[in-house]
Asks: 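Just dropping this structure here.
Counting from 1, the numbers follow the sequence of the chain as shown. Atoms within a ligand are numbered from 1 in the order they appear, just like the ligands themselves.
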Amino acid sequence: MSASTTPRSFSIGEQDFLLDGEPFRIISGALHYFRVHPDQWADRIHKARLMGLNTIETYVPWNEHSPQRGTFDTAGALDLARFLDLVAAEGLLAIVRPGPYICAEWDNGGLPAWLFSDPAVGVRRNEPLYMAAIAEYFDALLPIVAERQIDRGGPVVLVQIENEYGAYGDDKDYLRALVDLNRAGGITVPLTTIDQPTHQMLSDGGLPELHKTGSFGSRATARLATLREHQPTGPLMCAEFWNGWFDHWGAHHHTTGTAEAAAELDELLASGASVNLYMLLGGTNFGFTNGANDKGVYQPTTTSYDYDAPLTESGEPGPKFWAFRDVIAKYAPVPDEVPVASAPAPVFEVVLDRSVPLSQAIRSSAPSLGTWGEYDHLPTLDELGHFRGFALYETTVETGGVLSFGEVRDRAQVFLDGEPVGVLSRDRHDTALVVPGGGVLQLLVEDQGRVNYGPRIGEDKGLVGPALLDGAEIAGWRVLPLDVGSLPAAARRDVEPGEASVVSVAGPAFAGGSFDIETPADLYLSTAGWGKGNAFVNGFNLGRYWSNGPASTLYVPGPALVAGRNEIVVFETLAIARPVARFVAAPELGHTEF
Ligand code: GLA
């Protein structure tokens, strides 16, 4: 059921957006439903209105909705209809950006990994196999959006075609084909494109019949002037006003000055332009959903997508909330009501009193962590249809020597007869190490997130051949793709609480513990002192952690907890010296540049 009201009109006039025929300035903020627990959507949307926003913008991640071809999941955090209805219920408008490519620091920029299984598929251009797959996606998605458009009484006023296409290609037939698919799918609201404000990108990324917008975070007057040269009529819009930035593992936590960001917003609004803050609230790359960049060095994006946005990852109004609210109040009505800050999160420790080595867990059958397959060559994980997370590769070697691969995507911990030998890490361009002798060679391989920007989208994950030992090819491999959904159960099985005392966690291993709470509320799990892995609460995959930083906490959304007994499980690939889960009062997103 959509929360529809009276149909209204929204169009693009000679100078302005027109809402029911009247000039209307969009003051929007990005909020990705797929990065926020669904039971928190209403709270975040409400706070958007309290900041003075009149619109919420979201991307749609195709790969999340369609993990396999032919599926379209709308459960839980993927219930876009519910999200849009909540936006409408708050009295706000909505902008939807269905891609199909979305970038967004999201795994593969939102393109499903299965799309690349057929090498004949040509992405981000007018290639029939690719367009046919998009048609299937839009068949499932667009009815949800179409019935929630403003002319049918819903909140949706704009739909974006592709994303910063001018930074990638110039195939106008592709853009036209996307327009046709949107129109055929019942999208009647104005369609837009977005590009970084350079002449090349604005001209390559758009079509005359689509309204061009820009993405930038500073120097608004100059950027809007460039945009105006390519969009001679109608409203100017910064459809991504970058008010913060994202973080990579191993680098610093990005922050931008509140006063500077507020001044940039002021300059933008003073010019009369419309805006979409990127982000209003960044949220979290839960599970294995983060993307990565690679412009010569592979840089996976962190679990926290806090973005130094006006609302923090956990929905708290930060300094930019108040500063932006003041700026917006100069140009538009802002409600008197203000959000109430939450109390600090409870501080406590949970002993991880259960631990199961991965080697033991994979031998048990209930629940199964996966099924071994045998191959006469080195398969990539994509070849096995295993598109995310971990897999174990195994082979037997008669002697030691130098073990090398074509490429490691993205990280392989190497074991000989169960003993650690070393790590091959893509972010250091490692491809070879010394194996001290013959025996059973195992490699625990992690896909750390698919590149979401540039030509490397869609590349295969896992071990890429040739696999050589002192120059001779290793042909026979056994591979066990790890079913990540079954990971949390692994620590529960085999070892019951109290049966064994855990002195430390020697990874790769599962460790678990239980704790009781009276009233579920947000928690921050400290991962300081832990190595590298994933943590789960009540089966909810909080995401990756890594001693590489900068973040050393994982956000635990209150709705993932229950009143009473809760369970934490950690899949640690390296080592934990002190087997305790510490919950701390506030997030620790790490060191900043200055
Ligand atoms: C561009 C993209 C967004 C996002 C930002 C950086 O503007 O359009 O999806 O990747 O960069 O956060």
Side-chain angles (χ1 to χ4, degrees), residues 28-35 56-64 95-111 124 158-169 175 178 192-198 200-202 204-206 210 212-220 223 226-227 237-249 251-256 261 264 268 275-285 289-295 299-311 313 320 449-457 589:
S28 170
L31 174 65
H32 298 155
Y33 57 101
F34 44 95
R35 283 183 158 129
I56 294 285
E57 178 273 320
T58 184
Y59 281 126
V60 178
W62 180 10
N63 57 351
E64 220 47 31
I95 299 170
V96 179
R97 302 200 288 168
Y101 165 79
I102 63 168
C103 194
E105 290 70 66
W106 192 253
D107 188 48
N108 231 15
L111 294 180
R124 303 191 75 189
L158 292 174
V159 168
Q160 184 184 293
I161 299 292
E162 248 277 349
N163 194 78
E164 290 190 339
Y165 185 58
Y168 183 86
L175 295 177
L178 289 177
T192 63
T193 52
I194 186 172
D195 277 290
Q196 294 162 41
T198 73
Q200 173 265 315
M201 293 196 201
L202 282 163
D204 285 355
L210 299 176
K212 295 184 178 68
T213 70
S215 51
F216 53 86
S218 62
R219 296 173 45 213
R223 316 284 200 194
T226 308
L227 177 60
M237 178 166 184
C238 177
E240 280 185 32
F241 173 71
W242 300 326
N243 52 17
W245 205 245
F246 55 93
D247 295 343
H248 291 131
W249 290 112
H252 66 276
H253 168 49
H254 289 80
T255 54
T256 53
E264 298 285 0
L268 186 62
V275 66
N276 175 50
L277 306 175
Y278 193 94
M279 304 286 301
L280 163 68
L281 179 156
T284 310
N285 293 314
T289 58
N290 65 279
N293 293 88
D294 192 336
K295 292 179 177 169
Q299 298 175 296
T301 301
T302 55
T303 300
S304 170
Y305 197 66
D306 178 87
Y307 219 85
D308 198 29
L311 292 173
E313 182 178 8
K320 281 181 191 152
R450 287 168 194 266
V451 171
N452 57 265
Y453 187 83
R456 277 183 174 267
I457 49 170
L589 299 181

Asks: Should Asn163 be counted as touching ligand 1, given the test is an N or O pair under 3.5 Å?
Replies: yes
Asks: State whether a side-chain donor-acceptor pair under 3.5 Å links Gln160 with Thr192.
Replies: no
Asks: Going by the atom numbers of ligand 1, which of them fall below 4.0 Å from some non-hydrogen atom of Tyr59?
Replies: 2 (C), 3 (C), 8 (O), 9 (O)
Asks: Which residue and non-hydrogen atom of the protein lie closest to atom 10 (O) of ligand 1, and at what distance in Å?
Replies: Glu105 OE2, 2.6 Å
Asks: Considering only heavy atoms of Phe246, which atoms of ligand 1 have at least one such atom less than 4.0 Å away?
Replies: 6 (C), 12 (O)
Asks: Any atoms of ligand 1 less than 4.0 Å from a non-hydrogen atom of Tyr307? List them with their elements.
Replies: 6 (C), 12 (O)
Asks: State whether the shortest distance between N or O atoms of Cys103 and N or O atoms of ligand 1 falls below 3.5 angstrom.
Replies: no
Asks: Hey, could you give me the CZ/CG distance between Arg97 and Leu158, rounded to the nearest 0.5 Å?
Replies: 11.0 Å
Asks: Does ligand 1 have any atom that is closer than 4.0 Å to a heavy atom of Trp245?
Replies: yes
Asks: Scan side-chain atoms only and decide if Asn285 and Trp106 contain a donor-acceptor pair under the 3.5 Å cut-off.
Replies: no
Asks: Which of the numbered atoms in ligand 1 are under 4.0 angstrom from any heavy atom belonging to Ile102?
Replies: 9 (O)
Asks: Any heavy atom of Tyr278 closer to ligand 1 than 4.0 angstrom?
Replies: yes
Asks: How long is the straight-line distance from OH of Tyr101 back to OH of Tyr165, given to the nearest 0.5 Å?
Replies: 11.5 Å
Asks: Among Cys238, Ser215, Ser218, which one satisfies side-chain contact (heavy atoms from CB on, under 4.5 Å) with Arg223?
Replies: Ser218
Asks: Can you check side chain to side chain donor-acceptor pair (under 3.5 Å) on Glu105 and Thr301, steps first, answer last?
Replies: CA-CA 7 Å; Glu105 290 70 66; Thr301 301; over 6 Å; no
Asks: May I ask you to identify the nearest protein heavy atom to atom 7 (O) of ligand 1, giving residue, atom name and distance to one decimal place in Å?
Replies: Glu240 OE1, 2.3 Å
Asks: Roughly how far, to the nearest 0.5 Å, is CG of Asn163 from OH of Tyr59?
Replies: 3.5 Å
